[in-house]
Amino acid sequence: MKIASWNVNSLNVRMPHLAQWLRDAQPDVVALQETKVEDERFPDSQLAELGYRSVFCGQKTYNGVALLSRVPFASECVTAIPNFDDPQKRVLAATVGDVRIVDLYVVNGEKVGSEKFAYKLRWIEAVRAWLREELITHPNMVVLGDFNIAPDDRDVHDPKRWREKILCSTPERDALRSLLDLGLHDSFRLFNDEPGHHSWWDYRLAAFQRNWGLRIDLALVSDALRPRITAAGIDKAPRTWERPSDHTPVWLQTD
DNA sequence: ATGGTGGGCATCCCA
């Protein structure tokens, strides 16, 4: 099973890109972020024509997540973090086969020390408490999405320039560590320990052409699922297309 | 220190 994640930065704009990429990459499950589309307007019939069922949790203008699957979802989906009051649509969990899939659009945080930064850390702590419970009932789990955190300096094109900046700061990396400490593993790093592999490049300053990027889109796998992961990677091709998202898909393969 | 680009939307907010 190929499981992927992509922050599409508006599904309205990127639907043609998504359709092309589904045909090219043939994923079985896809987690989307920043769909920016209300549920009433989600293009589920168009995706059905492409062979994918969808569940979604969106809002107008900002945020929004969705899960696509070639096989039926095995359970009702969860669309909010339990016991955490949050109007922003950033999480979606569902089950495919015997694998629990948790799609996260982590808060960006704007600037270290800002109000949004405090919200980011509170939000991740609430996610941690939720995943701790989910892992008890669903030991086979993939937690994937736009984490808005580069795990370490290998994931940053210029660590000196990004030192303690948003997406790279110690409090954010500690927060990510608190998730990994639940028994989750960064699938990309099971297969590749090199620097210079990124999943997001700023639209400005021709960042993609210069590979001025960060690896902030992650697919984490649980202890129980880890032995079943056979490959993981980043698909840079969609970032080269006309009018791209600023993120590109990341994926993993299970046996 | 600043601003560069893009999406949504209709004015700046968010990334």
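Quick caveat, the model's predicted, so the values are computed rather than measured. Every chain is numbered from 1, with letters handed out A, B, ... down the list of sequences.
Rounded to whole Å, the distance from NE2 on His247(A) to C1' on dC14(B) is 12 Å. The distance between atom OH of Tyr105(A) and atom C1' of dA15(B), rounded to the nearest whole Å, is 6 Å. Nucleotide dC13(B) holds its C1' atom 17 Å from the NZ atom of Lys111(A), rounded to whole Å. One atom, CZ of Arg161(A), and another, P of dA1(B), lie 14 Å apart when rounded to the nearest Å. Summarising the geometry, the separation between CG on Asn148(A) and C1' on dA15(B) is reported as 8 Å, rounded to the nearest angstrom. Atom CZ of Arg210(A) and atom P of dG4(B) are 15 Å apart (whole Å). Rounded to an integer number of Å, the gap from OH of Tyr119(A) to C1' of dA15(B) is 14 Å. The distance between atom CH2 of Trp200(A) and atom P of dC14(B), rounded to the nearest whole Å, is 17 Å.
Nucleotides dA10(B) and dC14(B) are separated by 16 Å at their C1' atoms, to the nearest Å. Taking atom C1' in both dA15(B) and dG4(B), the straight-line distance is 13 Å, to the nearest Å.
Using the six-membered ring where Trp is involved, His157(A) and Trp212(A) have ring planes that are parallel, under 30° apart on the 30 and 60° scheme. Using bins of under 30°, 30° to 60° and over 60° for the plane-to-plane angle, the ring pair Trp162(A)/Trp200(A) lands in the perpendicular bin.
Inter-residue side-chain proximity for Asp174(A) and Thr170(A) is flagged as met; some heavy-atom pair is nearer than 4.5 Å.
Side chain of Glu49(A) to backbone of Gln46(A): no donor-acceptor contact under 3.5 angstrom is found.
The 5' end of DNA chain B is approached more closely, in terms of each residue's nearest nucleotide, by Leu205(A) than by the other of Leu205(A) and Gln88(A). Between Tyr62(A) and Asn9(A), the one whose closest nucleotide on DNA chain B sits nearer the 5' end is Asn9(A).
For dG7(B), one of the phosphate oxygens OP1 or OP2 lies less than 4.0 angstrom from a side-chain nitrogen or oxygen of Arg243(A).
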